[in-house]
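Just so you know, residue 1 is the first one in the sequence shown, and it goes up from there.
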Amino acid sequence: MKDFFLGLLDWIYKKKCYFCKNSKECSRMCTKCFEELDYLPAKINRVNEGKKVYCAGIYSKNLQKLIRGLKYHNQKDLAYYLAKFMFQYWISITTETDFQVVPVPIYYKRKKKRKYNHMELTAVEFCKLGHYNYNPELIERIKDTKPQYKLSKIQRTENLSNAFKVHKDKLQSGTILLIDDICTTGATFEEMIREFKKNGIENIVCLAATTPFGD
């Protein structure tokens, strides 16, 4: 009986928009709140290790709440909306479809504690929208790095040094599309690209949902 009532309360709670609390659409992000998300111009945001990096929006307002809810507050249903936001931006960049989508991995102990990697959930939804190949096993985080937001640019680079390992036997066809939630200095993408290059893999492009910096 207790489980029934807990399930009922959970169902009622999930009917409401996480952002405006409106329950009319019975969704975790209503159309109005989604349409209020702001996109950056459809162009290269930066170049890391010779590879193009695109950032879909600014890390603020509802987009910030979307990422934080998904990443830290167990709001797994929000992965679809983050993926949708990224995908709608991505198709304004390219009409190509031959991609293997690789989410930025987290260290296994952190994943065990959190019980999921929010970018893996996002990548699954992103691949469904674009009919892309999902390839989370291509690269592994083998170092328990410190949170990047607390570090300077030099410290970020040192923190991520030798943090990743490529499993070349997992390589699929198509361009590698690395995806992450926030791109600040680009240090995470940079280190992953270096590791791919060590393994003779060069066909790479990067997409972040957000950046703290504008156009």
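Atom CG in L207 sits 11.5 Å away from atom OG1 in T94 (nearest 0.5 Å). Interatomic distance, NZ of K84 versus CG of L37, reported as 10.0 Å (0.5 Å rounding). In this structure, CG on N45 lies 11.0 Å from SG on C206, to the nearest 0.5 angstrom. I179 CD1 to F87 CZ: the interatomic distance, rounded to the nearest 0.5 Å, is 12.0 Å. Here the straight-line distance linking atom OG1 of T188 with atom CG of L178 works out to 10.5 Å at 0.5 Å rounding. Here the CD1 atom belonging to I204 is positioned 11.5 Å from the CG atom belonging to N48, to the nearest 0.5 angstrom.
For the salt bridge (charged side-chain N to carboxylate O under 4.0 Å, His left out) test, residues two or more places apart in sequence or in another chain that qualify with K51 are E202. For K168, the salt bridge (charged side-chain N to carboxylate O under 4.0 Å, His left out) criterion is met by no residue, not counting sequence neighbours. Evaluation of the ring-ring contact (aromatic ring centres under 6.0 Å, His included) rule for Y39 yields F85 as partners, not counting sequence neighbours. Residues forming a salt bridge (charged side-chain N to carboxylate O under 4.0 Å, His left out) with E195 (at least two apart in sequence, or on another chain): K198. For R194, the side chain to side chain donor-acceptor pair (under 3.5 Å) partners two or more places apart in sequence, or in a different chain, are E49, E190, E191. For E36, the side chain to side chain contact (heavy atoms under 4.5 Å, CB included) partners two or more places apart in sequence, or in a different chain, are K32, N62. Remark: V47 pairs with I44 by the side chain to side chain contact (heavy atoms under 4.5 Å, CB included) rule, at least two apart or across chains.
I176 and V124 fall into different hydrophobic clusters, where Ile, Leu, Val, Met, Phe, Trp and Tyr side chains are chained together by heavy-atom contacts under 4.5 Å. Follow the hydrophobic side-chain contacts under 4.5 Å out from Y134 and you never reach L171; the two are in separate clusters. I106 and L160 fall into different hydrophobic clusters, where Ile, Leu, Val, Met, Phe, Trp and Tyr side chains are chained together by heavy-atom contacts under 4.5 Å. Residues Y80 and I91 share a hydrophobic cluster, clusters being chains of Ile/Leu/Val/Met/Phe/Trp/Tyr side chains in contact below 4.5 Å. Cluster membership check: L129 shares its hydrophobic cluster with L63, using side-chain heavy-atom separations under 4.5 Å among Ile, Leu, Val, Met, Phe, Trp and Tyr.
Nearest approach of P212 to C183, heavy atoms of both residues: CD-O, 3.4 Å. Here the closest heavy-atom approach between residue F126 and residue L177 is recorded as CE2-CD2, 3.7 Å. Contact between D144 and R110 at its shortest, heavy atoms only, is OD1-NH2, 3.4 Å. Considering every non-hydrogen atom in both Q75 and Y116, the closest pair reads N-OH, 4.2 Å. Considering every non-hydrogen atom in both R46 and T184, the closest pair reads NH1-O, 2.5 Å. C17 and C30 get closest at one heavy-atom pair: SG-N, 3.4 Å.
Here ring pair (Phe, Tyr, Trp, His ring centres under 6.0 Å) pairs that include residues 153-193, with residues two or more places apart or in two chains, number zero. Residue pairs satisfying the salt bridge (Lys or Arg N to Asp or Glu O under 4.0 Å) criterion with at least one member in residues 128-143, sequence neighbours excluded, are listed as follows: E125-K128, E137-K170. For residues 171-182, the side-chain hydrogen bond (donor to acceptor under 3.5 Å, both in side chains) pairs, not counting sequence neighbours, are K71-D181, H118-D181, T175-N203. Within the structure, every pair that satisfies the ring pair (Phe, Tyr, Trp, His ring centres under 6.0 Å) test and touches residues 93-112, not counting sequence neighbours, is listed here: W90-F99, F99-Y132.
Under the 3.5 Å distance criterion, with hydrogens and angles disregarded, no donor-acceptor pair is assigned to the side chains of N133 and Q100.
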**Study point:** Verdict with reasoning, L82 to I67, per side chain to side chain contact (heavy atoms under 4.5 Å, CB included)
**Key:** CA-CA 7 Å; L82 185 60; I67 290 172; 4.0 Å; yes
Practice item. Take L70 and Y81 through the test side chain to side chain contact (heavy atoms under 4.5 Å, CB included) and record every step on the way to the result. Key: CA-CA 10 Å; L70 171 61; Y81 300 98; over 6 Å; no
Practice item. Walk me through it: do L78 and F19 pass the test side chain to side chain contact (heavy atoms under 4.5 Å, CB included)? Key: CA-CA 11 Å; L78 296 181; F19 303 86; 4.1 Å; yes
Review point. For I139 and K165, what are the C-alpha separation, side-chain angles and deciding distance, and is it a side chain to side chain contact (heavy atoms under 4.5 Å, CB included)?
Key: CA-CA 6 Å; I139 190 165; K165 179 181 179 180; over 6 Å; no
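Each of K115, K111, R114 was compared with E120 under the salt bridge (charged side-chain N to carboxylate O under 4.0 Å, His left out) criterion, and only K111 meets it.
At least one donor-acceptor pair under 3.5 Å links the side chain of N117 to the backbone N or O of V104.
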Enumerate donor-acceptor pairs with a distance under 3.5 Å from any side-chain N or O in residues 52-61 to protein atoms, sequence neighbours excluded.
none

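In this structure, V101 and N135 have side chains that are not in contact, with every pair of non-hydrogen atoms separated by 4.5 Å or more.
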